[in-house]
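Down below is the structure, laid out as structure tokens.
Note that the structure is predicted; figures quoted are calculated from it, not measured. Here is how names work: the chains are called A, B, and so on, in the same order as the sequence lines, proteins then strands, and each is numbered from 1. Keep in mind that the numbers below use all heavy atoms, side chains included, and drop hydrogens, waters and symmetry copies.
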2 protein chains.
Amino acid sequence: MDQRKIRNMEEFAAVSGISRPTVSKYFNDPDSVRQSTRDRIEAALEAYDYRPNIFAVNQNRRLTKNIGIVVPYLADPFFAEIGRTIERRCIDAGFSPILFSSHGVTAYEIDILESLRSLKPAGVLLAPLGRTSDRAALEKFCADVPTVLFDSFVEGIGRAFVGSNNQQFVELSVEYLCRTGEPPCFFEMETPVNPNARRRRAAYLSTMERLGHSPQIVQAKGKNWDFEKIGYAEGGRAFAERAFPTNTILCSNDRLAIGVLAAAYKNGLRVGRGHGHAVRIAGHDDHPFSRFTSPPLTTVSQDYAAIADRSFETLLHLLDAGDGVGDHDATFFDGQLVMRDSA
Amino acid sequence: MDQRKIRNMEEFAAVSGISRPTVSKYFNDPDSVRQSTRDRIEAALEAYDYRPNIFAVNQNRRLTKNIGIVVPYLADPFFAEIGRTIERRCIDAGFSPILFSSHGVTAYEIDILESLRSLKPAGVLLAPLGRTSDRAALEKFCADVPTVLFDSFVEGIGRAFVGSNNQQFVELSVEYLCRTGEPPCFFEMETPVNPNARRRRAAYLSTMERLGHSPQIVQAKGKNWDFEKIGYAEGGRAFAERAFPTNTILCSNDRLAIGVLAAAYKNGLRVGRGHGHAVRIAGHDDHPFSRFTSPPLTTVSQDYAAIADRSFETLLHLLDAGDGVGDHDATFFDGQLVMRDSA
DNA sequence: CTCATTAATTTACGCGCGTTAAGTTTTTCA
DNA sequence: TGAAAAACTTAACGCGCGTAAATTAATGAG
């Protein structure tokens, strides 16, 4: 195939019979050169497999083609899935995605933004930790780097936001549960890490009141991202102490619900609707595992792909709109009720 | 804090009162300069927040301080977890980890290795796709870059391997199941993507024979990484067709077992041991979600942290051992039986 | 205090590519 | 066919840092 190794663009230009500046132009935009020279370059490219040195390329660019993707917790399949989707979009659009996870730790998130900055990314898609984020650090970062926030909305941070309509999510689940059985109590974490949780609580309260029921909230202690574990421990405790005031438990999110489901099983409570069942349990988010719990979890589905796609599109928009004062648009996707057997 | 922005090492050297080459030396190894000059540099570092341009730094190095981490499927919490752990080790050791996921797609794995190569990483930790990996591509890559394989053993690839002792895993589960009830049948995928699966099958066969039982294998159709879905669909079909020859189902891995568990529930089969239970189900790996299934899944635990730690240590070893012909050492960690309620 | 070490400094080159300016060739189209 | 436009070539500089050689300064044992 190739006779000798190509060491740099100079040599590659030589073997392709094109001058180096033109080759450089080609790599920055293949359409910017005449078709005939493009063909010659691409012919040489096949014969000699050469790739521009990525470090040398990025040294001179003020901005690279890198796109940072930051999620708060990669062990959560939701974020794994959404990260995956965004990665693909980036690659297909000719960017180099770099995936980071804060693993639920504030200091990690700060570190990530720090090292991201030195990668001179064209843009960043950031799902912040939320409550435990260092607001100042986020603000400073977003001031320098075009950033689209997703999943967790943080007031005043980022140039745009894409997430789900928590109000609508909870309206959907509360209305369904009230329509088909006892009005639900709301199970959530005492000090939720994620700002979505606060909006869901508010939505639960308002929806219950609108429907003429008295809202009842059960809170679980716990501050980390081990939601299933917390749901299991605290849910179990609540079952044992008969702390759930109704037979219907609406969990703030599916991961918590998965824990409560396990706790219910352990306590010998049959979960589901209809007679013979002791308790109904529902969640929100349509977590990838929710369809495989026993019983399968009734929930409200997030449109993963839509959030991922829209986030990326929004960033692209931002990028070629330049540093226009960007009318911080926020997109909130509605969810859909997914009726399964748990409620 | 800082008066003017520092643009490069030249300027930073000026404000710190040290020459640029010495500053450069400092950044490559803070211990290589006299304590007094180190103090002066670090004082300036606090006052002026400067960081060497990562691209310029890497341009001249033959090797960078980058370490690639490649997993086959990041939406699998096992890999998310192990990826997370390795990342930490890298950072703590002064390296820059970069996490990639092949998402189960051969072409992606090849692309990842391709772009990894251009990042000139000091080393790579690779959990290959396995059966669907492009062997030639792996071989070519590993010839150029010091690579430690983990999780999936591929004969002759990489300079070392760290994974689990599949033989021992299955011995443990089969012996336990035989000791406490009907000998298990083995539920697995027809064409498993992961080489561990083949070893587990072999271990099942040999262990059953050693114990004087006739092995019985039930295979599920399906070729992708949606193990839960496949387990649910094919397990459900097997239940409906009464294709499971015993009341004890040993699944090749937990994700498959989670699907079978859901299928059992759907078919009205109570899962667990003792009377009143129709079927026992067990798995392998101690998947993070296994303790939250209903009932909680009996399984054999992988030592995530040990695999992650040892993989990284092995790589470090490899790196400062230079290009010594490395006696391709393979480490196989034993598992521990985790008895829960499903079997 | 002297001499031998050890560490820092000065000077200078190179890495691989982006980019620009000036000159040359090719293409396009009237 | 000829001139303008477009694309290319040559030449050269700069990016920010690693690194080497030669020189000077600091350290420390005797």
Rounding to a whole Å, what distance do you find between [X]:[atom1] and [N]:[atom2]?
X     : N      : atom1 : atom2 : result
A:E10 : D:dT9  : CD    : C1'   : 12 Å
B:N28 : D:dA20 : CG    : P     : 11 Å
A:I54 : C:dG18 : CD1   : P     : 12 Å

Report task. List the protein contact pattern of nucleotides 4-16 of chain C with one symbol per nucleotide (5' to 3'): B for base contact, S for sugar-phosphate-only contact, - for none; contact means a heavy-atom distance under 4.0 Å. Result -> ---SSBBBB-BBB
Query raised in the report: In terms of heavy-atom contacts, does CZ of A:R135 have more than 12 from other residues, nucleotides or ligands at under 6.0 Å?
Result: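 Yes, enclosed.
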Report task. State whether the number of non-hydrogen atoms from other residues, nucleotides or ligands found under 6.0 Å of A:E155 atom CD is greater than 12. Result ->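 No, because the 6.0 Å sphere around CD of A:E155 holds 12 heavy atoms or fewer from other groups.
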**Report entry** Shortest non-hydrogen separation from A:P52 to A:V57 and the atoms involved
**Finding:** CB-CG2, 3.9 Å
Report task. Verify whether one side chain among B:D134 and B:T106 offers a donor that lies under 3.5 Å from an acceptor in the other. Result ->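 Looking only at side-chain atoms, B:T106 and B:D134 do not form any donor-acceptor pair under 3.5 Å.
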Query raised in the report: Going by the angle between their ring planes, with limits at 30° and 60°, are B:H103 and B:Y108 parallel, tilted or perpendicular?
Result: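 Aromatic pair B:H103/B:Y108 classed perpendicular.
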